[in-house]
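Counting starts at 1 for both ligands and their atoms, in listed order.
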Amino acid sequence: MSRQRPEVPAELRVALPALRDIAVDMAVGAGELVRAGRADAVAHAVATKSTRTDVVTVMDRLSEDYLRRRLAVERPGEAVLGEEAGIDKIRGAKRASPVTWVVDPIDGTVNYLYGRPEYAVSVAAVVGDPTVEGAWRPVAGAVANPETGQVYHAYDGGGAHLRDRAGARPLAVTDVAELAVALLATGFGYAADVRREQARALVEILPAVRDIRRGGSAALDLCAVASGVVDAYAERGVHVWDVAAGWLIATEAGAEVLTWDGGPGRPRGILAAPPPLLAELLELISGAHQRARSATP
Ligand code: LIP
């Protein structure tokens, strides 16, 4: 069941540009660290998490430590939820701030491992509870790709922007309204049974769209929707840290972002698309996954 997402508290509005600046600063700083240390990180320590294909490098941990250390200085008293270390609960009767920082120290870890450039550091400030589906809302965030020097950023109500070597510019989604000519980004989970269903669903989805792209970073896929280099993005089973900043960046660029029911005991899916494409795409994706599930033993 999807819940009502929390509103942005009025007293927080004035602070949103500053939160966005902090997110940019953190994501760029961690990105530099991650890029500089790649050879060493890959050579020395690669472990696996949920499955043999779900990798974590020593740099995932170092990058998250860096983000946590810097946030503790810049935003003392605010909770941090990170991919590697989980959530830091703030002790005490009442938290001083409604903000939680949701960080992905390297999104696209497999690309990072193979020396492919599609990976990013994602940093988002959210309100509500990011550990509960539908109970949080991103209010400021940044996604930095240290290989390309591109930094996507947004705050609630402030539009989405890209900063790169050519300068800074506002972002906007495409105006594609027809599925047959829509370029769709997607991704796949790490578990074989999830992938089996995703592959079956794809048999139905692929012939219905212009083409599919699989970049390997959900955060960058959402930024790709925001920049109009794909029309839409859909994936089942991503985590809050993969999508918190990209969700806001895509929304501020004009996309509708929502989650859809993956079925009993299955993770939900995320969908980001220009409004004219949304209803038709949602029907295709959720229907295809539902049929794939019933066909998968
Ligand atoms: C990965 C994503 C990728 C998705 C994987 C995974 P990681 O995150 O961003 O696009 O398909 O399921 O969640 O593991 O590189 O942080």
**Report entry** Part of Tyr190 with heavy atoms under 4.0 Å of ligand 1, whether side chain, backbone, both or neither
**Finding:** side chain
Requested in this report: For Val181, check side-chain contact (heavy atoms from CB on, under 4.5 Å) against everything at least two apart and list the hits.
Outcome: Val176, Glu178, Arg210
**Report entry** Within-cut-off N or O pair, Asp107 and ligand 1, under 3.5 Å
**Finding:** yes
Requested in this report: Could you list the residues that satisfy side-chain contact (heavy atoms from CB on, under 4.5 Å) with Leu206, not counting sequence neighbours?
Outcome: Asp211, Ile212
Query raised in the report: Looking at Thr109, which atoms of ligand 1 are within less than 4.0 Å of one of its heavy atoms?
Result: 7 (P), 15 (O), 16 (O)
Query raised in the report: Is Arg268 close enough and on-axis enough to Trp260, meaning under 6.0 Å and within 45°, for cation-pi?
Result: no
**Report entry** Val123 with Val99, same ILVMFWY side-chain cluster at under 4.5 Å
**Finding:** yes
Query raised in the report: Hey, are Glu147 and Arg116 close enough for a salt bridge, meaning a charged N less than 4.0 Å from a carboxylate O?
Result: no
Query raised in the report: For residues Glu235 and Tyr233, is any side-chain donor paired with an opposing acceptor at under 3.5 Å?
Result: yes
Requested in this report: Heavy-atom distances under 4.0 Å are what count here, so tell me which part of Asp242 touches ligand 1: side chain, backbone, both or neither.
Outcome: side chain
Query raised in the report: Taking 4.0 angstrom as the limit, do Arg169 and Asp164 come out as a salt bridge?
Result: yes
Report task. Record the part of Ala218 in heavy-atom contact with ligand 1 below 4.0 Å; permitted values are side chain, backbone, both and neither. Result -> both
Report task. Compute the minimum heavy-atom distance from Arg214 to ligand 1 and say whether it is under 4.0 Å. Result -> yes
Query raised in the report: Counting N and O atoms only, with roles assigned by atom type, does the side chain of Arg165 sit under 3.5 Å from a partner on the main chain of Thr148, one being a donor and the other an acceptor?
Result: yes
Requested in this report: Give the contacting part of Glu83 toward ligand 1: side chain, backbone, both or neither, where contact means a heavy-atom distance below 4.0 Å.
Outcome: side chain
Query raised in the report: Is the closest heavy-atom distance from Ile106 to ligand 1 below 4.0 Å?
Result: yes
Report summary line: Residues Pro138 and Trp247: closest non-hydrogen pair is CG-CD1, 3.9 Å
Query - Any Tyr119 heavy atom less than 4.0 Å from ligand 1 - result: no
Requested in this report: Identify, by atom number and element, the atoms of ligand 1 in contact range of Gly187, meaning under 4.0 Å from any of its heavy atoms.
Outcome: 11 (O)
Query raised in the report: Does any N or O atom in Val238 lie less than 3.5 angstrom from one in ligand 1, N or O only?
Result: no
Query - Ser217: numbered ligand 1 atoms lying under 4.0 Å from its heavy atoms - result: 9 (O), 10 (O)
Query raised in the report: At a 4.0 Å threshold, what atoms of ligand 1 neighbour a non-hydrogen atom of Glu235?
Result: 4 (C), 5 (C), 10 (O), 11 (O), 12 (O)
Query raised in the report: Would you say ligand 1 has an N or O under 3.5 Å from any N or O of Gly189?
Result: no
